[in-house]
Amino acid sequence: MTQEEMTSKNNFIWEMIEEDNRTNRFSGVVHTRFPPEPNGQLHIGHAKAIYIDFETARRFGGQCNLRMDDTNPTKEDTDYVDAIQRDIKWLGYDWDDRFYYASSYFGQLYEYAVILIKKGLAYVCDLTAEEMREYRGTLTEPGKESPYRYRSVEENLDLFMRMKEGEFPEGKRTLRAKIDMTSPNLNMRDPVVYRIMFAEHHQTGDEWCIYPMYDFAHPLSDSIEGITHSLCSLEFEDHRPLYDWYCESVGVHHPQQIEFARLNLTYTVMSKRKLLQLVTQGYVSGWDDPRMPTLSGLRRRGYTPEAIKQFIEDNGIAKNNTIADISRLEFNLRQDLEARSPRAMAVLDPVKVVIENYPEDKEEMFEVPLYTQDETRTESREIPFSRELYIEREDFMEDPPRKYFRLSPGQEVRLFKAYYITCTDVVKNDEGEIVEIWATYDPESRGGMSADGRRVKGTLHWVSARHAIDAEVRLYDRLFAEENPDDVEEGKTFLDYLNPESLSVITAKVEPHLVQAQEEIAYQFMRKGYFIVDPDSTREHLVFNRAVALRDSWAKMAQSG
RNA sequence: AGGGGCGUAGUGCAAUGGCAGCACACCGGCCUUUGGAGCCGUGGAUCUUGGUUCGACCCCGAGCGCCCCUGCCA
């Protein structure tokens, strides 16, 4: 897929920008920004915002800044600053040297606040938090004006300066915008502009003891950076009048805020608070647990940036509040990996097959392409074959139903790229479990094809028992058992919906080539799915994560009868 | 209840007054040295209601449903 095709699908945001360009509103400039708060790791919902911000800039020949929205030092951490940059780069986006912090604008923002005061548009308020809540009114009743609303400009200037100097304790006073306490939009009822916080900031240290609120800092940070289109999620629609008010009142460059719907996924949660809780309370192994919807988790799971971006592209950009089915994400992954992943054979649930007419001490090697899906690729690996093999337990049935194309007594199947074999006997233990399957092979079928042209319906993957390597394989399932874990019953929390079977660990028998498996490249284990080396893996102890299983139309057919 | 948004197929998205279409899912078939991939095909939707119009998913009125807003969070 070319970049052109990748961004060809139009959406309402791009139509609005095209209109701005037609009217020369921003002189044809398109400059966006991605403004994460460093208080948690990025997840696939952020990937949508990142995609929109960066692809919009690219589409219109503009630029996209990366800005840490770090106006609340009590909630943020520099560790996340690094993780955020790493994840955005992994997605394939670059902000060049335009990496900023809202906190680096604190000086300028302070001056902007002074301008508001001087214009009589902001005042220092002595109401406590609780009083302010009472004065705000409710959804249906207007608020009341603060008794401090009409202090003189001089007094406000003096008080605000002394707030900055640290003369007042936390919570004692705030700077508020003087707008309209009767507005039906609660955001316009004299919102707080600055609050006192004696907190060490991860960037500015103890330089400040007053910190600007998001609603004030965000539009003005956008303005300072010359942003033209400030793209954000739907819940900020109510804040747009305030965004506009601050830019107009301070009298600076005024970007256009445009809101779009967030991306939600079935069978997972997306709020940073909930993801953090999963991490800190040990429900998962960390932010990068392969079951997490975080970018680091998806990466460790075996997801590719291309699959994620295609998923976002397929979902489209709109204003509907929706939950995308996670199976569509899985489709995008399979589609990407189908084309690019090397193939290998691994038996996840092994049962032994003994080929009675194959000499006990004989071994032979088959050279098999790594990319059987792409005949223009010539890379291959050698696979050893011998008298005793492993196949999947589910690939044998003593008493098979109709249309079962795999191994059963008297039935002939193909071992991929090796030989045809026919089952002759079954050995069971005292419990009646099958411990060995006996078979004969046809030496004329070497390579998996016979000269007589007889048709063999089933093809099985296999590994030589003598040469097989044990590998730990981690099989993942959806993190939650409920489609929407945010939709909780009375008396429950989202944690009650965790899927107890979201992880199962097995030991598989894999072909020797797989000791060379590299991180970051998912293999297709033939007929089973896509698997990627986990960072826990060593040469002595291989560990693979299953990114996603293959479509299994037999399982579906068997299930539906 | 006040304000702001959103209602199109199972899911997500188009159609911007002119034949309701695309992707995934579903179902059927073909093909296959992966029951994978690929190829072909079928079925299925405009929240309700009234109006304007030759013609309405689109415009207007009245409803209904869902989401967001009463942090000194972002």
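Each chain gets a letter, A, B and so on, in the order the sequences are listed, and its residues count up from 1.
Backbone-only contact: A:Ile317 has heavy atoms under 4.0 Å from sugar-phosphate atoms and none from a base. Using a 4.0 Å heavy-atom criterion, one finds that A:Leu329 contacts no nucleic acid atom at all. Within 4.0 Å (heavy atoms only), A:Ile323 reaches sugar-phosphate atoms of the nucleic acid but no base atom. Within 4.0 Å of A:Tyr211, counting heavy atoms only, lies no atom of the nucleic acid at all. Backbone-only contact: A:Asp69 has heavy atoms under 4.0 Å from sugar-phosphate atoms and none from a base. Across all strands, A:His239 comes closer than 4.0 Å to base atoms (heavy-atom distances). Among the protein residues, A:Lys403 comes within range of the nucleic acid bases, having at least one heavy atom under 4.0 Å from a base atom. Residue-level contact check: A:Gln524 touches the bases, meaning some heavy atom is under 4.0 Å from a base atom. Counting non-hydrogen atoms under 4.0 angstrom, A:Thr372 reaches a base of the nucleic acid. Across all strands shown, A:Thr322 has heavy atoms under 4.0 Å from sugar-phosphate atoms exclusively, and none from any base.
The interatomic distance linking A:Asp395 (CG) with B:G35 (C1') rounds to 10 Å, in whole Å. The distance between atom CZ of A:Phe405 and atom P of B:U32, rounded to the nearest whole Å, is 13 Å. To the nearest angstrom, P of B:G12 lies 18 Å from CD of A:Glu313. Across the protein-nucleic acid pair, A:Lys319 atom NZ and B:U8 atom P stand 16 Å apart, rounded to whole Å.
Heavy atoms of other residues, nucleotides or ligands lying less than 6.0 angstrom from CZ of A:Arg262 number 12 at most.
Summarising the base pairing, B:G2 is matched to B:C69 through a Watson-Crick or G-U wobble pair whose two defining distances lie under 3.5 Å.
With C1' as the reference atom, B:U8 and B:A14 are 10 Å apart, rounded to whole Å. To the nearest whole angstrom, the two P atoms, one in B:A74 and one in B:G17, are 42 Å apart. Comparing B:G50 with B:G44, their P atoms are spaced 25 Å from each other, to the whole Å. One P atom belongs to B:C26, the other to B:C67, and the distance between them is 29 Å to the nearest Å.
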Where do N or O atoms of nucleotides 23-26 of chain B meet protein N or O atoms at under 3.5 Å, pair by pair?
{"unit_1": "B:C26", "atom_1": "OP1", "unit_2": "A:Lys556", "atom_2": "NZ", "d": "2.6"}

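Taking the six-membered ring for Trp and the full ring otherwise, A:Tyr441 and A:Tyr419 have centroids separated by under 6.0 Å. Between A:Phe34 and A:Tyr51, the distance separating the two ring centers is not shorter than 6.0 angstrom. Two rings, from A:Phe385 and A:Trp462, have their centers less than 6.0 Å apart.
The side chain of A:Arg136 places no N or O atom within less than 4.0 Å of a non-bridging phosphate oxygen (OP1 or OP2) of B:C69. Taking only side-chain nitrogens and oxygens, A:Arg133 comes nearer than 4.0 Å to OP1 or OP2 of B:G71. At B:A74, one or more side-chain N or O atoms of A:Thr71 fall inside 4.0 Å of OP1 or OP2 (strictly under the cut-off). OP1 and OP2 of B:U32 both lie 4.0 Å or more from every side-chain N or O belonging to A:Thr459. In this model, the phosphate group of B:A74 is approached by a side-chain N or O of A:Arg195 to a distance below 4.0 Å at OP1 or OP2. Look at A:Asn320 and you'll find a side-chain N or O under 4.0 angstrom from OP1 or OP2 of B:C13.
Taking for each of A:Tyr404 and A:Thr174 the nucleotide of RNA chain B with the nearest heavy atom, the 5'-most of the two is the partner of A:Tyr404. Along RNA chain B, the nucleotide nearest A:Asn321 and the nucleotide nearest A:Glu15 are compared for position; the residue whose nucleotide lies closer to the 5' end is A:Glu15.
Between the side chain of A:Glu338 and the base of B:G36, a donor-acceptor pair under 3.5 Å is found. A donor-acceptor contact under 3.5 angstrom links the side-chain atoms of A:Arg406 to the base of B:G35. Taking only distance into account, the side chain of A:Gln373 never meets the base of B:U34 through a donor-acceptor pair shorter than 3.5 Å.
Taking the six-membered ring for Trp and thresholds of 30 and 60 degrees, A:Phe525 and A:Phe531 have nearly parallel ring planes, at less than 30 degrees apart.
Because its glycosidic torsion is within 90° of 0, B:G71 is reported here as syn.
Each of B:C73, B:G3, B:G35 was ranked by its minimum atom distance to the side chain of A:Met213; first place goes to B:C73. The side chain of A:Arg343 has B:G36 as its nearest neighbour among B:G35, B:C69, B:G36. The nucleotide whose nearest atom lies closest to any side-chain atom of A:Ser553 is, among B:U70, B:A74, B:G35, B:G35.
Within the structure, the salt bridge (charged side-chain N to carboxylate O under 4.0 Å, His left out) test picks out the following pairs touching residues 168-178 of chain A (sequence neighbours left out): A:Asp126-A:Arg173.
Partner of A:Tyr211 under the ring pair (Phe, Tyr, Trp, His ring centres under 6.0 Å) criterion, chosen from A:Tyr194, A:Tyr105, A:Phe106: A:Phe106.
Between the side chains of A:Thr182 and A:Asp180, at least one donor N or O lies within less than 3.5 Å of an accepting N or O. A:Asp190 and A:Tyr123 share a side-chain donor-acceptor pair at under 3.5 Å.
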